[in-house]
Engineer: 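Take this structure first; my questions come after.
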Amino acid sequence: MNVTIEIPDIGQGELEVTEILVKIGDLVKIDQSLITVEGNKTSIEIPSPYSGVVESIIIMLGDKVKTGSSIMVLKTINELSNSVSNEISLKCNSNILNENIDNIDRIDNEIYVHASPVIRRLAYKFGIDLSKIKGKGRKNRILKECIYNYIKQTVNFFESSSKEKKNNSTEYKIHYSNKNISNINQSSFEEIPLSSIQKVSGANLSSNWVTIPHVTHFDKIDITNLEEFRNKQNIEIKKKDANIKINLLAFIMKAVHFALIQIPKFNSSLSVDLQKIILKKYINIGIAVDTPKGLLVPVFKNIEEKTILQLSKELIDISQEAIKGRLNVEKMQNGTFTISSLGSIGTCFFTPIINAPEVAILGISKFSIEPVWNGEKFLPRLMLPISLSFDHRVIDGADGARFLNIITNILSDIRILMI
């Protein structure tokens, strides 16, 4: 049976088709990514709701699509009952293939390469033809290590060639024209096109940095007691559900939410004519997430109604959606304040760029144990570096310091949240 695949609910507005991840004749599984669509700081992979063979592809690269748009037609695979032979036949690229239904994992034809969408994106990033790589995984699946080994072998080949050229430099001077020498120089670098998200984000960041007078305050917060409490709670939670873990970022979100209520200027924006401050009556906090496509900022709403545990679970779920490229557009809209966390990566302090029309952004860095003087002696304490950038047209330095003090006091003693 042929079925038409449509774009699921991705919110309002249109997105551009930037990648088509399958070809006519390809065998796809349920939830396998078919295309990638991108918009303003948004990248979403559209999965297949069925297993089957791609009969036709309706859209093209660069097309604009929205919820309900038809993208391709699949010839579905009907699951056979136990009384029927487990062998099925699929017509694909003029070849009839017979495989066990439990083991339909690949099609043995020239155009099919057994690789996940992540591997295909990695190959696309480095301009690698996957058909030239022999997979070392199950059923010849191409793994990340296969890509890396291919790159390593290619680099070694060019390095060997360069050494050989260097040893025979006299001959090259004689036999190579200026044009050939230019071509040799070009082999020492690679040009990688910016993704749609990088182009849009780059333009926005550049505009924000130039037009907004940034001021950044730096501080360190003693989170020794908070981490001790968090770790104890995670031990207890793990006994009930190993898949849930309280995240430090959930506490920070609660602290920021409390601070935004105390100093509403941080939850505002400037009017178009730059003559008025627009105070928001709602608080939506965006969390910057690093993904293969670039930086995405899902927005978390109704934080005051959620527990630390609920926020932690939501952080995990939405971050995974963002990384897989399946984040709904509506989940990235109407933010009023942003948190950019580099704690899992490293660094001490940094200057985060404000995400206009917001007027402030908080940067979180990696915590570490440091000696802290208590008036009598030095004690080892767990210190969290934070960086607050704000729009100096709206917020002055004193309010910036007060905002950080509120966050510092809460994270140093989370009982304040109960008041």
Side-chain angles (χ1 to χ4, degrees), residues 1-78 92 107 111-113 115-125 193-201 203-204 284 286-287 289 291-301 314 317-335:
M1 180 179 71
N2 288 353
V3 294
T4 301
I5 308 299
E6 297 180 345
I7 298 289
D9 183 9
I10 57 174
Q12 299 178 350
E14 294 184 329
L15 298 180
E16 179 183 346
V17 178
T18 57
E19 286 183 282
I20 299 176
L21 303 173
V22 296
K23 306 181 188 71
I24 294 176
D26 278 2
L27 176 65
V28 299
K29 295 181 179 180
I30 293 178
D31 290 333
Q32 179 178 333
S33 297
L34 301 175
I35 67 172
T36 302
V37 293
E38 295 183 4
N40 185 12
K41 293 188 177 180
T42 305
S43 178
I44 304 174
E45 288 187 3
I46 306 300
S48 175
Y50 307 98
S51 293
V53 177
V54 179
E55 287 284 294
S56 63
I57 298 175
I58 301 171
I59 43 84
M60 299 177 63
L61 289 177
D63 284 356
K64 300 290 184 180
V65 295
K66 60 183 179 180
T67 301
S69 296
S70 299
I71 58 173
M72 61 183 64
V73 175
L74 285 188
K75 184 174 183 180
T76 59
I77 302 172
N78 296 320
C92 178
I107 300 178
I111 69 167
Y112 185 80
V113 176
S116 68
V118 173
I119 296 300
R120 294 180 185 276
R121 284 199 302 271
L122 187 63
Y124 175 78
K125 178 179 179 181
L194 291 173
S195 67
S196 298
I197 291 180
Q198 288 175 315
K199 290 176 182 177
V200 174
S201 298
N204 289 338
N284 297 333
I287 303 295
V289 178
T291 76
K293 291 287 186 180
L295 202 64
L296 300 179
V297 186
V299 176
F300 295 78
K301 304 173 182 178
E314 191 175 351
D317 293 342
I318 291 184
S319 295
Q320 287 301 315
E321 286 182 26
I323 291 171
K324 292 178 180 178
R326 297 179 181 176
L327 193 62
N328 191 299
V329 178
E330 291 183 350
K331 293 181 181 179
M332 302 179 64
Q333 296 174 338
N334 301 320

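Since the structure is predicted, the reported quantities are computational estimates derived from the model, not experimental observations. Computation of the quantities below employed the complete heavy-atom set of this structure, encompassing side-chain atoms and omitting hydrogens, waters and symmetry-equivalent molecules.
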Engineer: In sequence, state the C-alpha distance, the side-chain angles, and the governing distance for R326 and S33, and then conclude on side-chain contact (heavy atoms from CB on, under 4.5 Å).
Structural biologist: CA-CA 10 Å; R326 297 179 181 176; S33 297; 3.4 Å; yes
Engineer: Check whether any side-chain N or O of S48 sits under 3.5 Å from a backbone N or O of Q32 as a donor-acceptor pair, and report yes or no.
Structural biologist: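 Answer holds: no.
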Engineer: Working to the nearest 0.5 Å, report the span between CD of E55 and CD1 of I24.
Structural biologist: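 So the gap between those two atoms works out to 9.0 Å.
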Engineer: Would you say T36's side chain and T18's backbone share a donor-acceptor pair under 3.5 angstrom?
Structural biologist: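 No, because the side chain of T36 does not come within donor-acceptor range (under 3.5 Å) of the backbone of T18.
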Engineer: Check the pair I58, T4 against side-chain contact (heavy atoms from CB on, under 4.5 Å), reporting the backbone distance first and the verdict last.
Structural biologist: CA-CA 9 Å; I58 301 171; T4 301; 4.3 Å; yes
Engineer: If you count the non-hydrogen atoms of other residues, nucleotides and ligands that lie under 6.0 Å from NZ in K324, is the total more than 12?
Structural biologist: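 For K324, atom NZ is not crowded (no more than 12 foreign heavy atoms under 6.0 Å).
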Engineer: What's the shortest heavy-atom distance between I30 and S51, and which atoms?
Structural biologist: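 That would be N-OG, 3.2 Å.
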Engineer: Given the rule in the side-chain contact (heavy atoms from CB on, under 4.5 Å) test, do N334 and V299 qualify, once you have shown the distances and angles that lead to the verdict?
Structural biologist: CA-CA 7 Å; N334 301 320; V299 176; 5.7 Å; no
Engineer: Could you check I35 against I7 for side-chain contact (heavy atoms from CB on, under 4.5 Å), going step by step and ending with a plain yes or no?
Structural biologist: CA-CA 10 Å; I35 67 172; I7 298 289; 4.0 Å; yes
Engineer: Which residue in the set V54, D26, V22, V53 passes side-chain contact (heavy atoms from CB on, under 4.5 Å) when paired with L74?
Structural biologist: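 By the side-chain contact (heavy atoms from CB on, under 4.5 Å) criterion, L74 pairs with just one of V54, D26, V22, V53: V54.
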Engineer: Atom CE in M72, atom CD1 in I57: separation rounded to 0.5 Å?
Structural biologist: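 M72 CE to I57 CD1: 4.5 Å, rounded to 0.5 Å.
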Engineer: Could you tell me which non-hydrogen atom of S319 sits nearest to which non-hydrogen atom of V289, and how far apart they are?
Structural biologist: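 So the two residues come closest at OG-CG2, 4.1 Å.
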Engineer: With rounding to the nearest 0.5 angstrom, report the CD1 to CG distance, I46 to L34.
Structural biologist: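 The CD1 atom of I46 sits 8.5 Å away from the CG atom of L34.
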Engineer: Of all the heavy-atom pairs spanning I318 and F300, show the shortest one and how long it is.
Structural biologist: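 Minimum heavy-atom contact is CD1-CE2, 3.7 Å.
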Engineer: If you take all heavy atoms of K301 and Q333, which pair is closest and at what distance?
Structural biologist: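 In this case the closest contact between K301 and Q333 is CE-O, 3.8 Å.
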Engineer: Counting N and O atoms only, with roles assigned by atom type, does the side chain of T76 sit under 3.5 Å from a partner on the main chain of G52, one being a donor and the other an acceptor?
Structural biologist: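 No, because the side chain of T76 does not come within donor-acceptor range (under 3.5 Å) of the backbone of G52.
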